[in-house]
Amino acid sequence: MTPLLSVSNLRVGFGRNPLENEVVRGVSFELAAGETLAIVGESGSGKSVTALSINRLVDFGGGKIISGTVNLARTGNSILDLAKADEPVLEKIRGSEIGMIFQEPMTSLNPVLTIGTQIEESFRLHRGLTGKQATAAAKDALDRVRIPDAARRLKYTPNQLSGGMLQRVMIATALACNPRLLIADEPTTALDVTVQAQIMALLAQLKRETGMAMIFITHDIGLVAGIADKVMVMQAGEAVEQGGLGDVLDRPQHPYTRHLLGAVPHFESGRAARSDYVRDQLEMASPALRVDGLTVRFKVAGGVFRRSPGSVHAVENIDFDLMPRETLAIVGESGSGKSTTARAILGLVHPTRGGFATHTGRIADATDPSVQMVFQNPYASLNPRLRVDSILAEPVIAAGGRVNGETRARMAALLKRVGLPENCLERYPHQFSGGQRQRLCIARALMLNPSIVVLDEAVSALDVSVQAKVLELLVDLQREYGLAYLFVSHDMAVVERIAHRIAVLYAGEIVEIGDAASVLSNPQHSYTKRLISAVPSIDRRNQHFELDTRQVPSLVRPPGFEPPVAQWRSFGPDHRARAEV
Amino acid sequence: MLRAIVSHPSGRIGGTIVVIYVVVALLGMFDVTPHNPLQQYRIDRLHSPNASYWMGTDLFGRDVASRLMKGVGQSFFVGFCSVTLATLAGTVLGLTAAWFGKAWDGLVMRIMDVLLAFPAILLALLIIAIAGPGTWTSIAAIAIVYTPIFTRVVRGPALSIKAREFVDAARTFGSSRRYILTRHLLLNLVAPLTVQVTLALAWSLLTEAGLSFLGLGTQPPASSLGLMLADSRNLMETAPWLLIFPALAIMISILGFNLLGDALRDIFDPRTRRSAA
């Protein structure tokens, strides 16, 4: 039987001279009906371009197919070479035979049209439905992706729906005409981990129901285990390895595949937690940082004649302490208040109530040199117009110091310590890669010899192999300088590698806190359990993700609202969780 | 930077025009002209262009080429001074409005909205009507007219840069306000400001010519392009050179500045940088 799609020796180039800027260099693969192929690679490996060449969207991005064939088997046993097809033919195929979903559901939908209109468009274009018929079909499509209350949601505009919901809408649109092939380009990268699990479950289920084939593009090799039948690993435009899921994951042949598999943080349910620091009673008396009842509320703006409907309780009554040489990880999903907590400790937002004190006993604020921060996005946290030496000098100048020989010597030493060449002092940020930039940010944070470093999703924006190296560096620096880390992250596998203790945040409140091994191996709160079961792992093959459509509760409370006092239950010497009602 | 302008097609043309224009203006300002622009050669009144009088003479027998150079110098002086003032005022207002926000932002931007509600030339006329005509009032009037544009050009990007992580990072170090405003905000505003200055120079030249044409800018016997145009109106048929050369001078200079401004915008814009290279 002929495969549904067979790509052979595909070469794609960009720009005026495609031969010189070749991005995909001779990729071949086959895909049978109902099969799932996962294309794995780091940023710039050509995985997205390969997929975009199949439905020829690559033409709109300035790309050009240099050579090779992309044969799609159509109904009636005819075969069409998509690499040579004309645009009018391609327009008929896109949507009806090949559906596609993108990484960013927030930007893939038109913000001024209702989602109903946008789903109906697909039915109108490809199936000629109109009016009530189209609306009914759109409602069925939403039902199919398990959006509760579909009829009412059709009238929503994209801003009224969460990221996970929007990605479901995108899937509904892509599946509107029952395509035989679905291309999913990093469909869950922009989503929270529990939402990611829901979307993966949905895709797996829909695939079983409709029997469509799927090409699943991801940078996260841990994610493919749950969904793929075949895996293709790409590096620098070439497919370095491809084969069945088990073959590639368990018996990788190519060194790059082994490297990727080695770099990906395997989640081991607490078995890989760090054990190089144990709290003792003596030290407990003088923590590096003590946070007491930290509460941050943002008032919701009312209209001219309308009273404010209340406040967003972003962070509610958070207590913890942090010892020198210890890492406390704050985990939670977007909107859980973890970044707000970090920003409050740096003095970037003002707490409504409560406060914190460093070991010096004084209240921490923005000018306290003993607390420094490393931000999530290494591309946004360095001023593009300043040279590295100016960037590193800034904290010193801010603290009232002078840039003298001593400062320059410290810059050079720190650069060397974080693994950057010494001659990079005269360079600009754009001359560095993402990982190097993050090392630069770490060096900058260390310029003033802090005792506490707040790491806000510090490795989330990096490729997995870079991520592992930066984590290693952080652990080394912690030992060397006796730093206390406050590590904010949504990624349980990363947290397991670096944290000594973990605080789980849900809807602005700590629901569980304790030593890492205990929390990860024996989670007590239902939310922690959900969070941990959602972590993708290469050991979980073709598992059945449980479908769960729960939404994060709204944090807007009426004026004067005070949350009930939490009841805590202990599960061991240093592990307690909030009692659930 | 220079190489980028030269390799950009409209940058090459615009840049050349601007360089020639600036040289002519400087020569005019320092009185390096073929004749004394005020000298009246009575016998050669309304002489058509020849080897001695490159652009002919006017009704009083004054050399048009010399007066043109002097006029270009005058226009350049007024344009340069007013745009400098407008840039300074607009940058300070825009930056502080973006940084402090709230009431100050509201006050500054509402005043700018009011100023922008008037057509440029009308507002300049109003100011001159109050303060009386003259070179320095023209400069002040044009500066006031163009300040709102600079304020807006600075405030918008400043607001977005203010929300970038490197500004947050600077605040966590405890960097002073002045340091953040100059090193982080202003330094990243150099690109849009450069483009705006170039384009504003073109507009201010036009406004200056317009004011002088109406007799409210530069006062005779000093020369300015607008004034020369005004004087040539009645003699359009007998001595067309009186009209053609100043009009061409205005047109070409504005074309030059606009082309250069467009080129700079392309060069600074990362989205078009690839195609421009």
Side-chain angles (χ1 to χ4, degrees), chain A residues 14-16 21 62 339 342-349 364-387 390-401 428-430 437-438 440-442 444-445 447-448 450 452-454 456-458 461, chain B residues 1 4 7-9 91 95 98-103 105-106 110 153-154 157-195 264 266-277:
Chain A
F14 274 84
R16 276 195 198 149
N21 297 317
S339 282
R343 294 171 71 84
I345 287 164
L346 267 300
L348 291 175
V349 291
D365 61 20
T367 56
D368 190 338
S370 67
V371 188
Q372 295 294 332
M373 182 155 176
V374 175
F375 290 83
Q376 171 170 11
N377 187 346
Y379 292 91
S381 54
L382 296 171
N383 185 342
R385 300 230 157 226
L386 289 183
R387 271 184 5 185
S390 307
I391 287 171
L392 291 181
E394 184 175 356
V396 179
I397 296 169
Y428 286 90
H430 68 88
R437 280 159 174 252
Q438 204 57 305
L440 215 56
C441 291
I442 293 169
R444 177 173 67 173
M447 277 304 286
L448 292 178
I452 303 161
V453 179
V454 178
D456 186 2
E457 300 271 9
Chain B
M1 183 68 218
S7 65
H8 191 282
T91 306
L95 266 187
W99 186 257
F100 295 107
K102 296 187 185 126
D105 186 30
R110 289 306 79 73
V153 162
V154 167
L159 276 178
S160 84
I161 296 167
K162 184 188 164 189
R164 297 270 292 275
E165 277 183 347
F166 61 80
V167 175
D168 275 344
R171 285 163 70 190
T172 68
F173 310 138
S175 285
S176 67
R177 198 153 59 203
R178 211 188 62 191
Y179 188 92
I180 295 179
L181 283 177
T182 53
R183 302 300 303 265
H184 290 313
L185 268 70
L186 199 55
L187 206 59
N188 281 292
L189 288 167
V190 168
L193 270 176
T194 315
V195 174
L264 286 174
D266 284 354
I267 291 164
F268 284 130
D269 188 345
R271 277 167 304 179
T272 56
R273 193 176 291 165
R274 231 171 297 141
S275 61

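Naming: A, B, ... by sequence-line order, numbering from 1 per chain.
The most heavy-atom pairs under 4.5 Å with chain B, out of Pro450(A), Pro384(A), Ala399(A), Ser390(A), come from Pro384(A).
When all heavy atoms of Asn383(A) and Asn188(B) are compared, the pair lying nearest together is OD1-ND2, 2.8 Å. Residues Phe375(A) and Thr172(B) share a closest heavy-atom pair of CZ-CG2, 4.2 Å.
Of residues 178-186 of chain B, those residues with a non-hydrogen atom less than 4.5 Å from any non-hydrogen atom of chain A are, in numerical order, Tyr179(B), Arg183(B), His184(B).
If you measure heavy-atom distances from Leu382(A) to chain B, the contacts under 4.5 Å come from the backbone alone. In this structure, the portions of Glu394(A) lying under 4.5 Å from any heavy atom of chain B include both its backbone and its side chain.
In this structure, the side chains of Glu165(B) and Cys441(A) stay at 4.5 Å or more apart for every pair of heavy atoms.
Judged as a side chain to side chain donor-acceptor pair (under 3.5 Å), and not counting sequence neighbours, Asn377(A) has no contacts.
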